[in-house]
Amino acid sequence: RQIIDEQTSVMIVSDHGAGPVYAEISINKWLLEHGFLALKQGTDWRSLYRTALRKLGLTRAGIISRLGWPLVRRLKQLLPAKAEFLIPWPHAQLIEQVDWARTRAYSYGSIGQIHVNLKGREPQGIVSPGEEYEALVADIRDRFAQLVDPHTGRQVKVEIFRRKDLYTGPFAAQGPDLNLIFDDMSCITHITLDAVREHVIGPPVEYESGTHRLDGMLVLWGPSVQPGQRLELTHITDVAPTALYLMNEAIPEDMDGQVLASALRTAYLSAHPIETVPAAMPYADGADITWTPEEEAKIHQHLKDLGYLG
């Protein structure tokens with residue numbers, strides 16, 4: 001409070017919680033074993049090399065567990081660029097390994113996302129919309145619900161969500177068709193194809209001891225805030241409109257979430273009615289959005305400041 005005055009509002013926000021990690025689940029390995037995903041059976045020497053590595057158990061997990069990731073990273077830095085594939089990166093290239101003509105579903109995403117290789121949406125889609133799509137999604141969902149850890153014999157708790165139950169908006173159709181959460185997020189997945197792992201369930205490959213949880217944190221303080229309130233059923237989408245409101249800014253009509261009025265003083269709400277404005281840039285699926293060089297530079301710098309770009 002020494003660096004702000006009494007008229008300043010403060011929001012302390014965490015977009016997620018945290019908790020321990022006990023295992024890693026390779027969704028693509030599971031899809032491969034159950035016939036939903038297929039790998040290329042190339043005859044070029046690189047494909048033969050990768051096949052030999054899998055048979056010998058020299059996969060990403062095996063190499064890192066034997067040498068340790070710091071040494072693997074160092075060796076890759078020393079190798080010529082053309083030889084980098086000799087030591088797998090933590091994130092393999094999905095497009096290089098999958099046989100799309102024989103693949104009905106694949107996983108790509110940080111927290112258990114499964115995408116159907118749908119005709120008309122995916123570049124090489126083979127699953128027809130409608131009955132075939134619904135039958136496939138139901139089949140994957142029902143089988144994954146029976147997932148058992150072979151090391152312990154324990155059935156894994158799997159929460160499965162359909163895309164239509166989670167996403168709305170003009171780009172919802174591009175989202176994953178299924179979202180899976182394993183053991184309350186204590187079992188993690190990674191963002192890329194991991195079909196060459198030895199097991200569907202195993203220890204975290206990169207030796208992570210913790211990861212995200214769904215519930216984050218939100219604390220508000222300031223002259224407009226009602227002290228002592230415990231916010232129930234607050235959603236992360238409520239943060240942005242609340243922050244805009246506290247800065248006396250109008251809220252775009254297409255913005256998700258709502259102002260957390262229950263956290264604010266009644267007198268303040270009465271004196272400062274919530275105002276909205278039309279969407280600044282209405283989007284449509286497939287719309288061609290262009291940016292000026294100045295806008296691109298501003299976005300690039302903002303992402304760099306946030307640590308997303310080097």
Side-chain angles (χ1 to χ4, degrees), residues 1-19 109-111 113 161-176 179 181 185 211-292 294-309:
R1 295 181 59 176
Q2 296 178 353
I3 61 175
I4 59 175
D5 58 37
E6 295 295 329
Q7 299 305 310
T8 301
S9 297
V10 177
M11 298 180 71
I12 302 174
V13 183
S14 168
D15 62 333
H16 58 79
S110 299
I111 309 293
Q113 290 93 334
F161 303 92
R162 294 283 302 268
R163 180 187 66 229
K164 62 183 181 181
D165 298 327
L166 298 178
Y167 305 117
T168 59
F171 299 102
Q174 299 179 14
N179 291 266
I181 296 178
M185 301 183 77
T211 190
H212 298 177
R213 293 294 187 270
L214 290 177
D215 293 331
M217 176 186 69
L218 173 62
V219 178
L220 292 92
W221 178 90
S224 59
V225 177
Q226 180 67 40
Q229 294 295 308
R230 181 178 178 87
L231 301 178
E232 302 291 347
L233 301 177
T234 302
H235 196 275
I236 190 172
T237 56
D238 299 330
V239 172
T242 301
L244 287 174
Y245 174 72
L246 292 176
M247 293 188 293
N248 296 317
E249 297 287 345
I251 301 166
E253 293 176 346
D254 64 339
M255 177 171 281
D256 291 333
Q258 58 187 351
V259 174
L260 293 171
S262 62
L264 305 176
R265 296 180 186 272
T266 303
Y268 186 87
L269 289 166
S270 299
H272 301 82
I274 298 173
E275 298 181 356
T276 60
V277 292
M281 184 181 294
Y283 291 101
D285 195 2
D288 184 17
I289 304 300
T290 59
W291 306 97
T292 66
E294 292 76 15
E295 289 171 332
E296 288 188 355
K298 186 176 181 180
I299 294 171
H300 185 277
Q301 186 60 50
H302 186 56
L303 292 173
K304 186 176 181 180
D305 293 341
L306 290 171
Y308 291 112
L309 298 177

- Message: What's the separation between atom CD1 in I181 and atom CG in N179, rounded to the nearest 0.5 Å?
- Response: 7.5 Å
- Who pairs with Q226 by side chain to side chain donor-acceptor pair (under 3.5 Å), at least two apart in sequence or on another chain? none
- Query: How many angstroms lie between atom CG of L306 and atom CD of Q301, to the nearest 0.5 angstrom?
  - Reply: 10.0 Å
- Query: Are the side chains of S9 and L220 in touch, meaning some heavy atoms are under 4.5 Å apart?
  - Reply: no
- Residue pairs passing the side chain to side chain donor-acceptor pair (under 3.5 Å) test where at least one lies in residues 233-245, sequence neighbours excluded: H235-T237
- Task: Check for a donor-acceptor pair, side chain of S14 on one end and backbone N or O of G17 on the other, with a separation under 3.5 Å.
- Result: no
- Query: What is the distance from atom CD1 of I4 to atom CD of E6, rounded to the nearest 0.5 Å?
  - Reply: 7.5 Å
- Note on the structure: In this structure, CD of Q229 is separated from CG of L260 (nearest 0.5 Å) by 11.5 Å
- Which distance, rounded to the nearest 0.5 Å, do you find between the CZ of R163 and the CD of Q174? 10.0 Å
- Task: State, to 0.1 Å, how close V259 and L264 come at their nearest heavy-atom pair, and which atoms those are.
- Result: CG1-CD1, 4.1 Å
- Item | Least distance between heavy atoms, T211 atom then M185 atom | CG2-O, 3.4 Å
- Write down the atom of F161, the atom of L166, and the distance for their closest heavy-atom approach. CB-CD1, 3.7 Å
- Message: Does E253 have more than 12 heavy atoms from other residues, nucleotides or ligands lying within 6.0 Å of its CD?
- Response: yes
- Determine the sole option in P223, P241, S224 for which the side chain to side chain contact (heavy atoms under 4.5 Å, CB included) test with L246 is passed. S224
- Query: Of the non-hydrogen atoms in G19 and R213, which two are nearest, and what is the gap between them?
  - Reply: C-NH2, 3.4 Å
- Query: More than 12 non-hydrogen atoms from neighbouring residues, nucleotides or ligands closer than 6.0 Å to NE2 on H302, yes or no?
  - Reply: no
- Task: Can you see which heavy atom on L244 is nearest to which on P252, and at what distance?
- Result: CD1-CD, 3.9 Å
- Calculate, to the nearest 0.5 Å, the distance between atoms OG1 and CE belonging to T276 and M255 respectively. 11.5 Å
